[in-house]
Asks: 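Take this structure first; my questions come after.
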Amino acid sequence: MPAVLAGTVVLLARGTWLGGSHPAWLPGPLRSALVDEHAAVVKEAIDRVHDSYYREIPEDRLADSAIDGLVGKLDDRFSNYFAPAEYRQFKQSQNSEFSGIGLAVSEDRRGLRVEVVYDRSPADSAGIRAGDIIVEAAGRSLMGRNQDESVSFIKGPPGTDVKVTWLHDGRRRTKIITRSTVSVPAVASKSARAGTCRAGVVHLAQFSSGAHAEVYAALRRQQRRGAKVFVLDLRDNGGGLVSEAQLVASAFLTDGPIVTTRGRTVPERTLRATGRAVLPSQPVVVLVNRGTASASEIVTGALQDRKRAKVVGTRTFGKGVFQEVIELSNGGALDITAGQYFTPNGRNLGGRGVTPGTGIQPDVQAKDDPKTKRDEALSGALAVLAPSCRP
């Protein structure tokens, strides 16, 4: 059955040689015949390899490879096929708790760049630090692999071991690390000084389900502590749920558009500010870097376009497309780019899925030096807010 499924997926994703999306003008029986023909060819190929190859390979693995090859030919770095085990890990990663070694990473040509190491995690104990490059995991080189595939080699059940090799200041280090259940704090907040007044700094790690409620609570808590100006820190936030991006942006906007989504097979939709804003007029800075992507860019772009906040930091990642997860009958799933999103001023921030786009250019450049204890980028954000303070 997986082989038939693979054939059907091939037909739906690529269309037929007759062109484009499926030709609706063809008579129903002919369309069905074309579907059956493509499915039969793919199944035939899988059967032939299974029966004739010099070593035996399970048919389900061949079907996985067929689908994986199809998605790879899309030349879209953000589209993926998840085999059943990988899809279970993917769903787990959408929660604030996961099994792994305790890292937030971004894609690098050599493998994975470490952006955040969670406190008291296995990675922290092993000596991995932000800025390191993971080049091998579980005996596999990560060079040239997409981020989701590379991460899948590192994640695994709690209590199991994984051999990891990384570069620290250009020197290779290798350790066997025992995975554990790692809780990712979605929101962390603290107070700081911005000129003559108190600033509330709220860091959001990911747009997971319910993250907006934690952001609202942190903003209100900082208000009660006397904060007059605020920093929304979205550095190294790779995104998450678009619905959460809408709600987080709504903490600062009383009305109006936040993002518009457009796709070939999905209707155009504009998400607008909803509910009662937590901070309708207080001065705000959004702090960003190259790890700020996707849903984070939706929030940043909306607040910048609507002139609700200044953006401080470095250029963001530039992911202007969104994916749709389509579950398959074998327990796996397609994570396929379904459309693009646009800021209130009509900007698309991505490279149509194939490459990152221009991203968001900050209003004020500021970059943290990982070799110092001082957070230079945050200091830059507070300096931008300082003139807004009233004596």
Side-chain angles (χ1 to χ4, degrees), residues 6 9 13 57 60-94 98-117 122-123 126 128-157 160-168 170 172-177 179 182 206 236 238-240 290-291 293-294 317-319 321 323 325 328 332-337 350-357:
V9 171
I57 301 177
D60 59 348
R61 189 185 303 173
L62 291 172
D64 283 341
S65 298
I67 304 172
D68 196 42
L70 158 70
V71 175
K73 285 293 185 180
L74 296 175
D75 195 23
D76 180 344
R77 66 184 299 177
F78 301 121
S79 291
N80 297 281
Y81 166 63
F82 296 120
E86 294 170 336
Y87 185 46
R88 288 193 293 272
Q89 292 179 2
F90 173 79
K91 288 191 291 186
Q92 188 182 52
S93 72
Q94 303 307 297
F98 65 93
S99 176
I101 63 174
L103 299 171
V105 297
S106 62
E107 202 168 292
D108 184 277
R109 62 180 178 79
R110 295 165 291 177
L112 295 172
R113 176 176 293 276
V114 178
E115 303 292 352
V116 178
V117 180
I128 299 176
R129 297 294 177 256
D132 291 352
I133 305 294
I134 299 177
V135 294
E136 293 179 11
R140 296 174 174 87
S141 170
L142 304 187
M143 180 176 288
R145 299 182 188 269
N146 66 49
Q147 181 173 329
D148 291 314
E149 183 181 16
S150 296
V151 168
S152 72
F153 297 136
I154 298 175
K155 287 186 175 180
T160 60
D161 293 337
V162 59
K163 186 177 180 181
V164 179
T165 299
W166 69 96
L167 302 178
H168 178 79
R172 289 173 68 93
R173 296 183 177 181
T174 300
K175 282 191 178 182
I176 295 176
I177 304 175
R179 302 177 178 103
V182 180
Q206 60 181 345
D236 302 315
R290 284 289 284 161
S294 195
F317 182 82
K319 184 173 183 287
V321 291
Q323 283 66 47
V325 176
L328 303 178
L334 296 168
D335 183 27
I336 296 294
T337 298
R352 295 183 175 272
V354 179
T355 58

Asks: Do V117 and D132 have side chains that get closer than 4.5 Å, going by heavy atoms?
Replies: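 No. Closest side-chain heavy atoms not under 4.5 Å.
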Asks: Run the side chain to side chain contact (heavy atoms under 4.5 Å, CB included) check on L103 and I134 step by step: do they pass?
Replies: CA-CA 11 Å; L103 299 171; I134 299 177; 3.4 Å; yes
Asks: Could you pull out all residues at least two apart from E115 that satisfy side chain to side chain donor-acceptor pair (under 3.5 Å)?
Replies: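 Partners of E115 under the side chain to side chain donor-acceptor pair (under 3.5 Å) test: S106.
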Asks: How long is the span from the CZ atom in F82 to the CG atom in D68, to the nearest 0.5 Å?
Replies: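 The CZ atom of F82 sits 10.5 Å away from the CG atom of D68.
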Asks: Could you tell me whether a side-chain N or O of S79 sits under 3.5 Å from a main-chain N or O of D76, the two making a donor and an acceptor?
Replies: no
Asks: Please find the pair of heavy atoms, one from I177 and one from P122, that lie closest to each other, and give the distance.
Replies: CG2-CB, 3.6 Å
Asks: Checking Y87 against D335: is there a side-chain donor and acceptor pair closer than 3.5 Å?
Replies: no
Asks: Suppose we screen for side chain to side chain contact (heavy atoms under 4.5 Å, CB included). Which residues come up paired with D108, at least two apart in sequence or across chains?
Replies: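 Residues passing side chain to side chain contact (heavy atoms under 4.5 Å, CB included) with D108: R110, R113, I133.
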Asks: Nearest 0.5 Å, please: how far is NZ in K175 from CD1 in I101?
Replies: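 One finds 11.5 Å between CD1 of I101 and NZ of K175.
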Asks: Looking at CG of L167 and CD1 of I128, how far apart are the two atoms once the value is rounded to the nearest 0.5 Å?
Replies: 11.0 Å
Asks: Compare every heavy atom of F317 with every heavy atom of A293, then report the nearest pair and how far apart it is.
Replies: CB-CB, 3.6 Å
Asks: Is there a side-chain contact between Y81 and L328 in this structure, where contact means two heavy atoms from C-beta onward sitting under 4.5 Å apart?
Replies: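 A side-chain contact exists here, since the closest heavy-atom pair is under 4.5 Å.
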Asks: Not counting sequence neighbours, which residues clear side chain to side chain donor-acceptor pair (under 3.5 Å) with R129? List them please.
Replies: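 Scan of R129 (side chain to side chain donor-acceptor pair (under 3.5 Å), adjacent residues dropped) gives D124.
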Asks: Evaluate W166 against L112 for side chain to side chain contact (heavy atoms under 4.5 Å, CB included), listing each step before the verdict.
Replies: CA-CA 9 Å; W166 69 96; L112 295 172; over 6 Å; no
Asks: Does I154 offer a backbone N or O that forms a donor-acceptor pair with the side chain of R179 under 3.5 Å?
Replies: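 Checked: pair present.
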Asks: For F153 and A138, which heavy atoms make the closest approach, and how far apart are they?
Replies: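 Answer, listing the atom of F153 first, then A138: O-CB, 3.8 Å.
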Asks: Are any non-hydrogen side-chain atoms of T337 and L74 less than 4.5 angstrom apart?
Replies: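 They are not in side-chain contact.
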Asks: Checking T165 side chain against V135 main chain: does a donor-acceptor pair fall under 3.5 Å?
Replies: no
Asks: Just verifying a value: how many Å separate E107 CD and R77 CZ, rounded to the nearest 0.5 Å?
Replies: 4.0 Å
Asks: For residues V105 and V151, report the shortest heavy-atom separation together with the two atoms involved.
Replies: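 V105 and V151 have their closest heavy atoms at CG2-CG2, 3.9 Å.
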Asks: To check you understand the geometry: which heavy-atom pair defines the closest contact between G238 and S294, and what is its length?
Replies: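 Smallest heavy-atom distance, with atoms named: O-CB, 3.6 Å.
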Asks: Going by the rule side chain to side chain donor-acceptor pair (under 3.5 Å), which residues pair with S152 if we only count those two or more places apart in sequence or in a different chain?
Replies: none
Asks: Would you say K319's side chain and V321's backbone share a donor-acceptor pair under 3.5 angstrom?
Replies: yes
Asks: Treating Q206 as the side-chain partner and G240 as the backbone partner, does any N or O pair qualify as donor plus acceptor under 3.5 Å?
Replies: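 Flag not set: sc Q206 to bb G240 has no pair under 3.5 Å.
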Asks: Could you list the residues that satisfy side chain to side chain contact (heavy atoms under 4.5 Å, CB included) with S141, not counting sequence neighbours?
Replies: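 Here the qualifying residues are M143.
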Asks: How would you list, by chain and number, every residue that makes a side chain to side chain contact (heavy atoms under 4.5 Å, CB included) with A85, sequence neighbours excluded?
Replies: R88
